[in-house]
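For reference, the structure discussed in these notes is given below.
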Number of protein chains: 2
Amino acid sequence: MAYRKTPAEIGRLEAAREHLVTCATSVVTEVGWAQASVTAVADSAGIAAGSVYQHFASKTALAVEVFRRAAGREVDVLGEVLQGPGSPVERIGHGVEVFARRALENRGLAYALLAAPAEPAVGAERLDFRRRYRALFARAVHEGIEDGLLPAQNGEITAAALTGAIGEVLVDPLDTRDEEAAEELLVELVAMALRCAGAPPAAGQP
Amino acid sequence: MAYRKTPAEIGRLEAAREHLVTCATSVVTEVGWAQASVTAVADSAGIAAGSVYQHFASKTALAVEVFRRAAGREVDVLGEVLQGPGSPVERIGHGVEVFARRALENRGLAYALLAAPAEPAVGAERLDFRRRYRALFARAVHEGIEDGLLPAQNGEITAAALTGAIGEVLVDPLDTRDEEAAEELLVELVAMALRCAGAPPAAGQP
DNA sequence: GTCTATACCTAGATAGAC
DNA sequence: GTCTATCTAGGTATAGAC
């Protein structure tokens, strides 16, 4: 009986935990939080329900971990776009497009992150998630105002509007049956976002 | 034993049912759907838990009734504003203001209608509720386009954006501590909405 | 460490007395 | 018709064998 775990042991445990998180994410993506029971998740990962508690103290802890992983990825991607190169207005338009495109490509996950019924702990994470999104947009809006590209406005409200608007459009799918309709939706969304921020309807928007 | 209930009997039953719906609405407003157990609602109405089932076949049926009543009132109010007198642009601005003001005045109910975690049946009602809101806004936007007051755009997306934006702003309260801040929020919301619809930032908006 | 079996709790729904 | 008491189902978490 060793005093410490060997690197190999630690590695296997880590891998098992990762696998569990991955499978749980899939289950949530497919059936939502409410239907993602410990049994269902364990089945998906190929282990017994009881074994889940070797890796997480509670179902809630697992759910929070799943949410944080997925939400963190989205925030990172949006952050890179919104704080990257280009004018503030260009970045806002691009950010909206990236946000929406990723959500359309994985709508189950987007719904889970944005709106699906969930336990309180996950709801709290979601609030934080949306705040981070808003903060990113708000910063870009403020830069646009400083640069004289956008009219004076409450940037926090505009940022909240952008996240709310995109979420609303994505969660209750309008019509995205084919590829073409989806692309059209993206174009309209970006145009709406730029109007919302007060960008003059000039070049780049037909 | 009468073959039919007397009018008085029917009246008393109706009244009891109404009372139950009213109390349930209060409970939901205060603690949300998740915490509004049959027991809690029955206590609030001053009856035993079992008696609830004299009026509703299930907890779900009661919840749906509560949602429909409250949501219906909001849709009616918004509909009157959006289909009332004034130019389409004026009506949109006024509609947003009314929507937001009512939500701010009864934030618990607004949260319950727009975002609070709820069982699937209530979620379905909520979807329908948002669709009706969107349809009302979309119609006004289309009228604005026809009248040459608004630029060409996908009215459905703009309408979705307006409901999503207002919901987002109201649900995660920015800063509405005092009366003044709340009024300022309303002004900014309306300005954002008009920008979003593409109304020229002319008279009426400082 | 992982399994099986089970304890336990919450909450919706029902039965029968009054 | 309304009450009290109870039944039941679903799901989290734990105990103990292997």
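Below, chains carry the letters A, B, ... as their sequence lines are ordered, and counting in each starts from 1.
Here salt bridge (Lys or Arg N to Asp or Glu O under 4.0 Å) pairs that include residues 70-90 of chain A, with residues two or more places apart or in two chains, are A:Glu74-A:Arg102. Residue pairs meeting the side-chain hydrogen bond (donor to acceptor under 3.5 Å, both in side chains) criterion with at least one partner in residues 43-70 of chain A, sequence neighbours excluded, are A:Glu18-A:Arg69, A:Thr60-A:Glu119, A:Glu65-A:Arg69, A:Arg68-A:Glu125. For residues 182-193 of chain B, the pairs satisfying side-chain hydrogen bond (donor to acceptor under 3.5 Å, both in side chains) are B:Arg101-B:Glu183, with sequence neighbours left out.
In the region residues 19-32 of chain B, proximity to DNA chain D at under 4.0 angstrom, judged on heavy atoms, holds for none of the residues.
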If you look only at distance, which donor and acceptor atoms sit under 3.5 Å apart when one is on a side chain in residues 137-144 of chain B and the other is two or more places apart or in another chain?
from     : atom 1 : to       : atom 2 : distance (Å)
B:His142 : ND1    : B:Ala138 : O      : 3.2
B:Glu143 : OE1    : B:Arg91  : NH1    : 2.9
B:Glu143 : OE1    : B:Arg91  : NH2    : 3.0

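Nucleic acid contact for B:Ser37: sugar-phosphate only, since backbone atoms but no base atoms lie under 4.0 Å from a heavy atom of the residue.
The A:Ser51 side chain lies nearest to C:dT2 when the options are D:dT2, D:dT4, C:dT2. Taking only side-chain atoms of B:Ile47, from C-beta outward, the nucleotide of D:dC3, C:dT2, D:dG1 with the closest atom is D:dC3.
For B:Trp33 and C:dA11, the CH2 to P distance is 17 Å, given to the nearest whole Å. A straight line from CD of B:Gln35 to C1' of C:dG12 spans 15 Å, rounded to a whole angstrom. One can place CZ of B:Phe56 at 15 Å from P of C:dG12, the figure rounded to the nearest angstrom.
Listed by chain and residue number, A:Ala161, B:Met192 satisfy the side-chain contact (heavy atoms from CB on, under 4.5 Å) test with B:Ala165 (two or more places apart in sequence, or in another chain). Under the salt bridge (Lys or Arg N to Asp or Glu O under 4.0 Å) criterion, B:Arg130 pairs with A:Glu168, not counting sequence neighbours. Every ring pair (Phe, Tyr, Trp, His ring centres under 6.0 Å) that A:Phe99 has, sequence neighbours left out, goes to A:Tyr133.
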Distances for protein N/O vs nucleotides 13-15 of chain C N/O pairs under 3.5 angstrom?
from   : atom 1 : to      : atom 2 : distance (Å)
C:dA13 : OP2    : B:Tyr53 : OH     : 2.8
C:dA13 : OP2    : B:Lys59 : N      : 2.8

